[in-house]
**Student:** 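Structure provided below as structure tokens; questions to follow.
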Amino acid sequence: MPELPLFPLRVVLYPHMPLPLHVFEPRYQALLRDCQRDGVRFGVVAIRSGPEVGGPAEPERIGTVAITTKRVPLPDGRSHLLVTGGRRFQIRRLLAGTAYPRAEVDFLEDQGPDPASFILASEAGAALTRYAARLARITGKTTSSNPNPTDPILLSWVIASTLMVDLTYKQTLLEQASVSARLRQEIDLLKREVTFLDLELANRLQLAPSYDRN
């Protein structure tokens, strides 16, 4: 049974997606040292309950292996990391004996794209473009010039990573094994969020100061 060190966070890491991390707690500094010494990777899991810093936290049952692509050492043993999501895993049993969480895990295999997923990907990609445009207007940031992925699986992870929704929704998308089912959920979420953002933009227009031209 494979074992994996765990890094619980209030964030979801998705396969193929980047995530910057600041490692500052002594227990996770120890995790990094052990991973480097033993040549192993760690898993990122969202926190179901408990604190992110300090005390123990209850992790969600499904997480993602973190592949370290860049590490910048800092004073006092801290590090800036850039990781990319690898395989998903399911926690079978939490283990004791180290300062940081560890678990016996089962690695999960994604289902391949089915014919319906390519049709859904077209609708989801259009919905993502609308959502990104609304976000850009709200935040004042420019939208990415990169085209949406054509591969349904990769597109589903890009959408999941982009969506600014509650952690519960983010975790549900990670746990979904069917790419078609994931894309359907994402289309619904994108449409809902676009409606919310349109309302926010309309409210801002109404609250904007008007000036008398006379």
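For this chain, numbers begin at 1 and follow the sequence in order.
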**Student:** Give the C-alpha distance, both sets of side-chain angles, the deciding distance and a yes or no for side-chain hydrogen bond (donor to acceptor under 3.5 Å, both in side chains) between E25 and Q29.
**Tutor:** CA-CA 6 Å; E25 282 194 81; Q29 292 180 23; over 6 Å; no
**Student:** Between CG of L197 and CZ of R130, what distance do you get to the nearest 0.5 Å?
**Tutor:** 12.5 Å
**Student:** Does any part of the side chain of S79, heavy atoms only, come nearer than 4.5 Å to the side chain of V72, both counted from C-beta?
**Tutor:** no
**Student:** If only atom types and distance count, is the side chain of T129 paired as donor or acceptor with the main-chain N or O of G125 below 3.5 Å?
**Tutor:** yes
**Student:** Where is the tightest heavy-atom contact between I67 and G86, given as atom of each residue plus distance?
**Tutor:** CD1-CA, 3.9 Å
**Student:** Do R48 and Q171 touch side chain to side chain, with heavy atoms closer than 4.5 Å?
**Tutor:** no
**Student:** Parallel, tilted or perpendicular: which fits the ring planes of F89 and F107, with parallel below 30° and perpendicular above 60°?
**Tutor:** perpendicular
**Student:** Going by heavy atoms in the side chains, are P8 and Y28 under 4.5 Å from each other?
**Tutor:** yes
**Student:** Any chain of hydrophobic side-chain contacts (each under 4.5 Å) joining L94 to L4?
**Tutor:** yes
**Student:** Between the main-chain N or O of V65 and the side-chain N or O of R41, is there a donor-acceptor pair closer than 3.5 Å?
**Tutor:** no
**Student:** Report the distance from atom CG of L135 to atom CE of M164, rounding to the nearest 0.5 Å.
**Tutor:** 6.0 Å
**Student:** Please enumerate all residues that pass salt bridge (Lys or Arg N to Asp or Glu O under 4.0 Å) together with R33, with sequence neighbours excluded.
**Tutor:** none
**Student:** Under 3.5 Å, side chain of R137 to main-chain N/O of A133, donor-acceptor pair present?
**Tutor:** no
**Student:** Taking a hydrophobic cluster as the set of Ile, Leu, Val, Met, Phe, Trp and Tyr residues connected by side-chain heavy atoms closer than 4.5 Å, whether directly or through intermediates, do M17 and V11 fall within one such cluster?
**Tutor:** no
**Student:** Q176 side chain to L183 main-chain N or O, any donor-acceptor pair under 3.5 Å?
**Tutor:** no
**Student:** Would you check if the side chain of D151 reaches a backbone N or O of I153 as a donor-acceptor pair within less than 3.5 Å?
**Tutor:** yes
**Student:** Taking all atoms of both residues into account, what is the closest heavy-atom pair of V45 and G63, and its distance?
**Tutor:** CG1-CA, 3.8 Å
**Student:** Could you grab the distance from atom CD of E3 to atom CZ of R102, nearest 0.5 Å is fine?
**Tutor:** 5.0 Å
**Student:** Taking side chain as C-beta onward, heavy atoms only, is P5 less than 4.5 Å from P101?
**Tutor:** no
**Student:** Quick one: CD on Q90 to CD1 on I62, what's the gap to the nearest 0.5 Å?
**Tutor:** 5.0 Å
**Student:** Could you check whether atom CZ of R92 has more than 12 heavy atoms from other residues, nucleotides or ligands sitting under 6.0 Å from it?
**Tutor:** no
**Student:** Can you name the residues that form a side chain to side chain donor-acceptor pair (under 3.5 Å) with S49, not counting sequence neighbours?
**Tutor:** E58
**Student:** Show the nearest heavy-atom pair for residues P15 and L174, with the distance to one decimal.
**Tutor:** CD-CD1, 4.1 Å
**Student:** Within a strict 4.5 Å, meaning less than it, do heavy atoms of the L9 and L21 side chains meet?
**Tutor:** yes
**Student:** D76: which residues meet the side chain to side chain donor-acceptor pair (under 3.5 Å) condition with it, sequence neighbours left out?
**Tutor:** none
**Student:** Please tell me whether L155 and V12 are part of a single hydrophobic cluster in this structure, the criterion being side-chain heavy atoms less than 4.5 Å apart.
**Tutor:** yes
**Student:** Check for me, please, whether Y100 and L95 land in the same ILVMFWY cluster - side-chain distances under 4.5 Å, paths through other members count.
**Tutor:** no
**Student:** Counting neighbours of CZ on R71 that are heavy atoms of other residues, nucleotides or ligands and sit closer than 6.0 Å, is the number greater than 12?
**Tutor:** yes
**Student:** Counting C-beta onward and ignoring hydrogens, is there a side-chain heavy-atom pair between T150 and F118 closer than 4.5 Å?
**Tutor:** no
**Student:** Examine V83 and L31 and state if one hydrophobic cluster contains both, with Ile, Leu, Val, Met, Phe, Trp and Tyr joined whenever side-chain heavy atoms are less than 4.5 Å apart.
**Tutor:** yes
**Student:** Is a side-chain donor or acceptor of K170 paired with a backbone partner of L163 at a separation under 3.5 angstrom?
**Tutor:** yes
**Student:** First locate atom CD1 of I47, then atom CG of L167, and finally report the distance between them rounded to the nearest 0.5 Å.
**Tutor:** 8.5 Å
**Student:** Is the shortest side-chain heavy-atom distance between E200 and I138 below 4.5 Å?
**Tutor:** yes
**Student:** Give me the atom names and distance for the closest heavy-atom approach of L173 to W157.
**Tutor:** O-CZ3, 3.9 Å
**Student:** Quick one: side chains of residues 184-193, donor-acceptor pairs under 3.5 Å with protein atoms, not counting sequence neighbours, listed by atom name and distance.
**Tutor:**
from : atom 1 : to   : atom 2 : distance (Å)
E186 : OE2    : A160 : N      : 3.4
K191 : NZ     : E123 : OE2    : 3.3
R192 : NH1    : Y169 : OH     : 3.2

**Student:** So, using side chain to side chain donor-acceptor pair (under 3.5 Å) as the criterion, who are the partners of T195 when residues are at least two apart?
**Tutor:** none
**Student:** Once rounded to the nearest 0.5 Å, what's the spacing between atom CZ of R204 and atom CG of L199?
**Tutor:** 12.5 Å
**Student:** So, does R78 use its side chain to make a donor-acceptor pair with the main chain of H22 at under 3.5 Å?
**Tutor:** no
**Student:** Under 3.5 Å, side-chain donor or acceptor atoms of residues 108-115 against the rest of the protein: list the pairs with distances, not counting sequence neighbours.
**Tutor:**
from : atom 1 : to   : atom 2 : distance (Å)
E109 : OE2    : R87  : NH2    : 2.9
D110 : OD1    : R88  : NE     : 3.1
D110 : OD1    : R88  : NH2    : 2.9
D114 : OD1    : A116 : N      : 3.0
D114 : OD1    : S117 : N      : 2.9
D114 : OD1    : S180 : OG     : 2.7
D114 : OD2    : S180 : OG     : 3.0

**Student:** I91 and A103: which non-hydrogen atoms are nearest, and at how many Å?
**Tutor:** CG2-CB, 3.8 Å
**Student:** Measure the shortest side-chain to side-chain distance between R134 and F196 over non-hydrogen atoms and say whether it is less than 4.5 angstrom.
**Tutor:** no
**Student:** Please determine whether side chain to side chain contact (heavy atoms under 4.5 Å, CB included) holds for the pair H80 and K70, giving the CA-CA distance in whole Å, both sets of side-chain angles, and the decisive distance to 0.1 Å.
**Tutor:** CA-CA 8 Å; H80 282 316; K70 185 177 182 180; over 6 Å; no
**Student:** Does V158 offer a backbone N or O that forms a donor-acceptor pair with the side chain of T162 under 3.5 Å?
**Tutor:** yes
**Student:** What's the shortest heavy-atom distance between L13 and T64, and which atoms?
**Tutor:** O-OG1, 2.6 Å
**Student:** So does L82 get a backbone contact from the side chain of T69, meaning a donor-acceptor N/O pair under 3.5 Å?
**Tutor:** yes
